[in-house]
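The first residue of the sequence shown is numbered 1, and numbering continues consecutively from there.
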Amino acid sequence: MTDASTDIQHHNVVIIGGGNAGLSVAGRLGRYGVPDVAVIEPRENHLYQPMFSHVAGGTAPAAKATRPQASVIPKGVSWIQARVASIDPDAKTVTLTSGRSIGYGQLIVCPGIQKNWNAVPGLAEAMESPVGISNYEFEYAEKAWSVLRAVRSGTVVFTQPAGPATCAGASQKPMYLACDFWRETGVLADIRVVLVVPTPTLFGMPLIDAELERKVAEYGIEVHYDRELVEVDAAQKSIVIAGDDARTELPGAQSRLDGDGTITRETLAYDVLHAVPPQSAPDWLAESALPVAGDAGGFVEVDSLTLRHPRYPDVWALGDAAATTNSKSGGALRQQTKTLAKNLAAAVEGKPLPQVYNGYSVCPFVVSRQTVVFAEFDDRYRPKPTIPFWKGLAKERRATFIADRYVLPWVYWNLILKGLA
């Protein structure tokens, strides 16, 4: 609908972001009888990001991770193919990069997360080199398997970013897939595999840590805890990692202490670098009035239980761009979309908000080419299994690999994006 007096297109509900969060909540709103829903999304193709790890690790072709965006827009939902430039929550408008304005009655913010490749000096250049790969961008994931399967010796480094990130543990998945392949082909013993994590453990839950530590030992992976990537030299094929705990030793590495003697910086050569960048909310969102005051990441301030903005009651947020307390993941969206859609539908009718989000998240760790360690947890990293009668779901299983690789993608394309799951 367009307001002729102001030439501003207006919709009852405007959703910024046509990814997993945006489309699934749009589908649910349609099911709950909320009319005139529009999704702002610039991309021609929709990406199923959980499949990127399988693409990077050689257990799925790239075509399994993408479909035309037009084919996945829920019925009855308008698609505005454009990029957002800014939000004015006082005027209740969204401005596009074209200069056009979209007015809204209710706004849902879920544009996903911004990968800041330039935040680490040299990282962007390294990714463009022949041996720079990642499972966090579609084109780098496509490139990854051709690089990893060709390795026969040398040093392969995998890094995990500090700070908020979408499914941070996913950075480990191609590593396990590659190690299993190298073991099958008889070259694993000739490859030094290095994992750099910013945390004191591999995940943060004792049960999951134990499973992952067992796999790390099985593959002979060299883990460097409490470290993060701070610099890359693509020409020299070396990285600098830093941390405030000097207990980890890097064989053959150069080490030094910074000026005050508290930060250890270590230089490590690599033959292949699989990296994941620091992440934040998109710049245009961080510059708006919606983030939490003082939040360097720029994520939208919300009530973590209702997903409603505390200062702008007609603004809602979910997914990676929301300042919720849970670990950011696609699995967290299943309960978030239901919570938000039901609460928004009640709010427009002037009713109390009926739904509460319980902080659930999930990370399926693909630890071999046939098995998965299925981590389900809440915002305090306490186990939160969704199948209570299936004890030991968090253990390494063949069944959970089948679910992750085959069942969940089918559910995603056929049910989740339509708001049916």
Side-chain angles (χ1 to χ4, degrees), residues 1-4 8-41 46 67 69-82 84 87 89 91-94 101-112 290 300 302-322 324 330-358 360 386 410-421:
M1 181 174 68
T2 301
D3 185 334
I8 294 179
Q9 185 178 350
H10 187 280
H11 293 277
N12 183 33
V13 179
V14 170
I15 302 173
I16 299 176
N20 184 343
L23 295 191
S24 53
V25 78
R28 283 189 179 274
L29 289 172
R31 289 178 51 217
Y32 299 159
V34 177
D36 187 23
V37 177
V39 171
I40 302 174
E41 172 54 55
H46 184 93
R67 290 187 182 181
Q69 185 72 21
S71 71
V72 295
I73 301 292
K75 289 182 179 180
V77 173
S78 301
W79 176 26
I80 302 171
Q81 189 175 5
V84 172
I87 302 172
K92 298 183 68 170
T93 58
V94 176
S101 292
I102 309 293
Y104 62 82
Q106 301 286 324
L107 178 67
I108 301 174
V109 185
C110 50
L290 298 181
V300 180
V302 290
D303 180 323
S304 289
L305 299 178
T306 65
L307 304 178
R308 193 180 203 177
H309 200 287
R311 292 179 283 116
Y312 297 98
D314 46 23
V315 175
W316 311 74
L318 76 162
D320 291 346
T324 48
L333 291 175
R334 304 288 56 78
Q335 295 196 33
Q336 287 187 2
T337 55
K338 180 178 179 181
T339 297
L340 193 155
K342 286 196 170 185
N343 286 345
L344 187 151
V348 297
E349 294 181 359
K351 297 178 180 178
L353 307 189
Q355 200 79 14
V356 169
Y357 170 54
N358 64 4
Y360 172 86
T386 53
W410 186 93
V411 171
Y412 182 80
W413 295 117
N414 294 280
L415 299 177
I416 288 174
L417 293 183
K418 297 176 182 179
L420 298 172

Enumerate donor-acceptor pairs with a distance under 3.5 Å from any side-chain N or O in residues 101-111 to protein atoms, sequence neighbours excluded.
from : atom 1 : to   : atom 2 : distance (Å)
Q106 : OE1    : W316 : NE1    : 2.8

Please name all residues satisfying side chain to side chain donor-acceptor pair (under 3.5 Å) with T339, sequence neighbours left out, ordered by chain then number. none
Give a yes or no answer on whether the side chain of H309 reaches the backbone of R311 with a donor-acceptor pair at less than 3.5 Å. yes
Would you give the length of the straight line joining atom CZ of R308 to atom CG of L318, rounded to the nearest 0.5 angstrom? 15.0 Å
Donor-acceptor under 3.5 Å (D36 side chain, N12 main chain): yes
Taking only residues at least two apart or on different chains, which pairs with a member in residues 348-357 satisfy salt bridge (Lys or Arg N to Asp or Glu O under 4.0 Å)? E349-K351
Throw together a table of side-chain donor-acceptor distances under 3.5 angstrom for residues 17-35, partners on residues two or more places apart or in other chains.
from : atom 1 : to   : atom 2 : distance (Å)
N20  : OD1    : R334 : NH2    : 3.3
S24  : OG     : N20  : O      : 2.5
S24  : OG     : A21  : O      : 3.2
S24  : OG     : R334 : NH2    : 3.3
R28  : NE     : T337 : OG1    : 3.4
R28  : NH1    : Y32  : OH     : 3.2
R28  : NH2    : A421 : O      : 3.3
R31  : NH1    : G419 : O      : 2.4

Qualifying side chain to side chain donor-acceptor pair (under 3.5 Å) pairs with a residue from residues 73-82, counting only residues at least two apart or across chains: E44-Q81
According to side chain to side chain donor-acceptor pair (under 3.5 Å), who are the partners of Y312, at least two apart in sequence or on a separate chain? none
Partners passing ring pair (Phe, Tyr, Trp, His ring centres under 6.0 Å) against H46 (at least two apart in sequence or in another chain): Y412, W413
List in chain and number order the residues that pass side-chain contact (heavy atoms from CB on, under 4.5 Å) with A322, two or more places apart in sequence or in another chain; answer none if no residue qualifies. V302, A317, T324
Close side-chain approach of L417 to P74, heavy-atom, < 4.5 Å: no
Please identify each residue that fulfils side chain to side chain donor-acceptor pair (under 3.5 Å) with N358, with sequence neighbours left out. Q335
Who are the side-chain contact (heavy atoms from CB on, under 4.5 Å) partners of N414, not counting sequence neighbours? W410
How far apart are the C-alpha atoms of I15 and I40, what are their side-chain angles, what is the distance that settles it, and do they pass the side-chain contact (heavy atoms from CB on, under 4.5 Å) test? CA-CA 6 Å; I15 302 173; I40 302 174; over 6 Å; no
Working note: I80 + Q9, criterion side-chain contact (heavy atoms from CB on, under 4.5 Å); need CA distance, chi angles, decisive distance, verdict. CA-CA 11 Å; I80 302 171; Q9 185 178 350; 4.0 Å; yes
Residues passing the side chain to side chain donor-acceptor pair (under 3.5 Å) test with N343, sequence neighbours excluded, are none
Partner set under salt bridge (charged side-chain N to carboxylate O under 4.0 Å, His left out) for K92, not counting sequence neighbours: D314
Any donor-acceptor N/O pair, Q336 side chain to G319 backbone, under 3.5 Å: yes
